[in-house]
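The figures that follow rest on heavy atoms only: side chains count, while hydrogens, waters and symmetry mates do not. Throughout, a chain's letter reflects where its sequence line sits, starting with A, and its residues are numbered from 1. Since we're looking at a predicted model, the values are computed, not measured.
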Amino acid sequence: MDESIKIKVENLNLLIGRKHILNNINILIPKNKVTVILGPSGCGKTTLMKCLNRLTDLYPEMKVSGKIFIDNKEILNTRNDITKIRKRMGLLSQRPYPLPMSIYKNITFGLKISGRRKRIFLNKRIEHYLKQASLWDEVSDRLKEPASCLSIGQQQRLCLARGLAVDPDIILADEPTSALDPLSSEAIEKKFIELKKSYTIVVVTHVLRQAMRIADYVVFMYLGEIIEQGEAKEFFKNPKRDKTKSYLQGVFN
Amino acid sequence: MITKKLIKIIEEAFFRVIMFLSTCIIIFALGLIIYSILNKGIPSLSIEMLTQTPKGGFYFGKEGGILNAIIGSLYLSIGATILAFIIGLPVSLYINVFLIKRRKFVNTIRFLLDLLWGIPSIVYGAFGFTIMIFLGMKASLLAGIIVVTLFIIPIMVRAIDEGLKTVPLGLIESSASLGATKSEIAFRVFTKQCFPCIITAILLSFGRAIGDAASVLFTTGFTDHIPTSITQQTATLPLSIFFQLSSPIPEVKNRAYAAATVLTIIVLFISILSRILSEKYKKTIIKF
Ligand SMILES: Nc1ncnc2c1ncn2[C@@H]1O[C@H](COP(=O)(O)OP(=O)(O)O)[C@@H](O)[C@H]1O
Ligand SMILES: [Mg+2]
């Protein structure tokens with residue numbers, strides 16, 4: 001596999017009952033870039049994300065077939081240790097789900113279940129990751145307070161910090177700004193652009209403007225199929241398929 | 001048109017009155033119960049009642065107290081509550097984390113637990129008694145604890161379950177994405193998110209355990225001593241009330257009310273404690 005490719009999805013199909021939710025998906029996600037998965041609501045973006053870190057395991061009704069390679073390692077193979085694979089990806093969901101504990105413990109949760117318990121080590125990491133998520137200045141004096149006290153925007157950044165703390169190389173974000181106010185959204189978008197130096201970032205969105213602001217690579221989905229994918233500039237300037245063209249002109253949505 | 005409106009207004013007023021009346025009936029009944037217990041109980045309540053075991057002739061109105069029943073009841077219900085918690089918590093975590101997508105199966109389990117919840121405690125008592133005879137066991141604190149545990153497990157499980165049920169799938173997904181296994185999600189995330197609910201479940205079960213007479217009627221025996229081992233018989237407050245209330249001697253009867261006062265105060269204390277504790281821990285839980 002090409003060095004510059006981080007995730008390769010090969011002939012991925014997902015069925016729920018008789019319903020084909022994902023239909024023969026093939027994607028190449030480049031390393032250290034922001035890849036945007038774009039498409040109208042209900043086209044299967046969230047489901048595709050769930051395949052990437054195998055959260056589909058939690059849904060027995062989903063029948064997944066095909067292959068997903070991360071750095072040449074096939075992850076859908078059930079013999080692989082799924083917790084290890086998941087730790088390689090930080091997840092941001094549509095709305096933040098902070099853990100029901102203090103800000104401090106939210107960040108250390110991932111580390112602790114991986115067996116890192118030394119206080120000094122944890123304290124250093126906390127500061128580092130909260131700074132990376134631009135949350136440190138706002139919470140440094142109240143790390144012991146429950147995460148439920150934070151605003152939604154802060155919670156989403158906490159979830160980012162918590163995801164980064166397990167030391168992943170991929171960040172998966174499923175409409176991470178859809179519950180946030182414009183300022184918090186902008187903070188998250190900026191963060192992604194900054195973080196792509198060290199992480200491969202996959203962002204799901206149905207907001208065209210957001211895709212244009214942050215994407216290096218775009219995957220356009222419609223009704224469970226990949227219609228078109230390519231470099232962002234090329235994609236937005238010269239879309240090849242009719243469906244893409246009409247989406248970009250705002251025909252759906 | 002107008003008549004339709006009028007009917008609506010009358011209907012509204014009618015249900016309002018009904019609701020108001022039923023609320024009144026409930027409050028009145030509760031007040032009456034508490035009043036009649038306290039009215040007869042408080043005068044007979046003395047330090048002696050609380051600190052002494054029955055002396056010779058206690059049941060004929062002579063000196064002594066109900067310390068044996070107080071301690072016995074506490075031993076019994078604390079023991080049973082701990083056992084029921086140790087068994088019940090994993091059960092409710094299991095059906096909510098591991099079986100989350102097996103909705104039919106889980107609902108069947110819930111239905112069975114509700115059936116068990118509905119079985120009168122005397123049936124548990126009789127069942128326990130039969131088993132004891134079969135095993136050649138004598139009435140003892142241990143037998144009582146086992147039967148009461150069986151009797152409160154459904155309460156414990158369903159009460160915890162009501163809280164765990166409300167945890168959104170998103171929280172499981174985000175914990176899983178941090179590399180947590182299902183048992184880590186269960187014991188480190190769910191137990192925290194539902195902590196107030198777990199406290200309520202524990203205290204609810206405890207309240208049921210300490211107040212129930214029928215399940216201990218055949219299983220714990222009754223003695224004037226404070227048990228020093230779980231194989232000994234033990235007195236309990238509900239049975240102590242029952243025996244004293246059956247006495248024709250007015251003094252003894254009044255002492256039954258004093259014992260009932262003690263029991264009521266314990267249960268009241270437990271309810272208030274559960275409120276305070278769950279309020280206190282509500283802050284950490286995430287509202288979804
Ligand atoms: N657990 C599920 N059970 C049944 N249908 C589902 C489930 N999850 C998703 N779907 C269906 O799959 C399709 C894609 O959903 P989703 O991936 O959430 O779309 P998107 O994120 O693009 O809005 C939708 O039609 C949705 O109804
Ligand atoms: Mg979605």
Side-chain angles (χ1 to χ4, degrees), chain A residues 46 49-50 52-62 81-103 105-115 144-150 152 155 158-159 162-168 170-172 174, chain B residues 89 92-108 160 162-200 277-288:
Chain A
T46 299
M49 288 297 250
K50 285 198 176 112
L52 294 182
N53 62 355
R54 243 174 72 191
L55 281 180
T56 44
D57 288 12
L58 298 174
Y59 299 80
E61 70 269 28
M62 294 183 176
D81 179 5
I82 187 57
T83 58
K84 254 192 205 146
I85 294 167
R86 287 192 186 134
K87 268 181 217 162
R88 298 189 46 196
M89 307 177 216
L91 178 75
L92 278 185
S93 38
Q94 221 151 328
R95 48 144 308 165
Y97 287 102
L99 301 168
M101 36 190 101
S102 67
I103 296 171
K105 286 194 174 151
N106 257 277
I107 313 267
T108 55
F109 181 83
L111 293 165
K112 276 195 175 154
I113 55 177
S114 326
K144 292 279 179 287
E145 272 181 37
S148 55
C149 298
L150 299 174
I152 294 280
Q155 286 183 6
L158 180 71
C159 290
R162 164 185 89 178
L164 296 178
V166 293
D167 202 18
I170 298 168
I171 297 172
L172 304 175
D174 184 3
Chain B
L89 181 70
S92 36
L93 286 172
Y94 187 71
I95 62 179
N96 281 287
V97 182
F98 288 82
L99 301 180
I100 182 154
K101 282 290 172 169
R102 310 271 306 273
R103 209 163 283 146
K104 265 197 198 133
F105 184 50
V106 170
N107 283 339
T108 313
I160 298 178
E162 284 303 317
L164 299 185
K165 238 163 60 172
T166 63
V167 177
L169 198 54
L171 191 60
I172 304 184
E173 289 185 355
S174 17
S175 320
S177 75
L178 294 170
T181 60
K182 280 200 171 165
S183 29
E184 281 162 345
I185 295 174
F187 284 103
R188 288 167 186 248
V189 180
F190 271 63
T191 50
K192 293 231 166 64
Q193 174 70 7
C194 302
F195 201 67
C197 178
I198 291 175
I199 291 174
T200 311
L277 285 179
S278 50
E279 255 340 285
K280 188 178 163 207
Y281 288 104
K282 244 181 204 147
K283 260 200 340 212
T284 8
I285 72 173
I286 313 288
K287 288 176 200 73
F288 295 103

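A/V166 is not listed as a side-chain neighbour of A/I113, based on a closest heavy-atom distance of 4.5 Å or more. Within the 4.5 Å cutoff, the side chain of A/L58 has no heavy atoms near those of the B/I100 side chain.
No other option in A/G110, A/P60, A/P168 has as many heavy-atom pairs under 4.5 Å with chain B as A/P60. Chain B forms more heavy-atom pairs under 4.5 Å with one residue of A/L111, A/L172, A/L91 than with any other, namely A/L91. Note: A/E61 leads A/K84, A/R54, A/E61 in heavy-atom pairs under 4.5 Å with chain B. In terms of heavy-atom pairs under 4.5 Å with chain B, the best-connected choice from A/C149, A/S148, A/A165 is A/S148.
With a threshold of 4.5 angstrom between heavy atoms, B/R102 does not approach chain A through any atom at all. Both the backbone and the side chain of A/M101 come within contact range of chain B, each with at least one heavy atom under 4.5 Å from a heavy atom of that chain.
With B/Q193 contributing its side chain and B/F190 its backbone, the two residues share no donor-acceptor pair below 3.5 Å.
Closest heavy-atom contact between A/R162 and A/N106: CG-O, 3.3 Å. Considering every non-hydrogen atom in both A/Q94 and A/T46, the closest pair reads OE1-OG1, 4.1 Å. Closest approach of A/C159 and A/P98 over heavy atoms only: SG-N, 4.0 Å. Contact detail for B/I185 and B/A180: the closest heavy-atom pair is CG1-CB, 3.8 Å. Between A/Q155 and A/A147 the shortest heavy-atom distance is NE2-O, 3.6 Å.
Listed in order of number, the residues of residues 164-174 of chain B that approach chain A to under 4.5 Å between heavy atoms are B/P168, B/L169, B/G170, B/L171, B/I172, B/E173, B/S174.
A cation-pi geometry, defined here as NZ or CZ lying under 6.0 Å from the six-membered ring centre and within 45° of its normal, holds between A/R95 and A/Y97.
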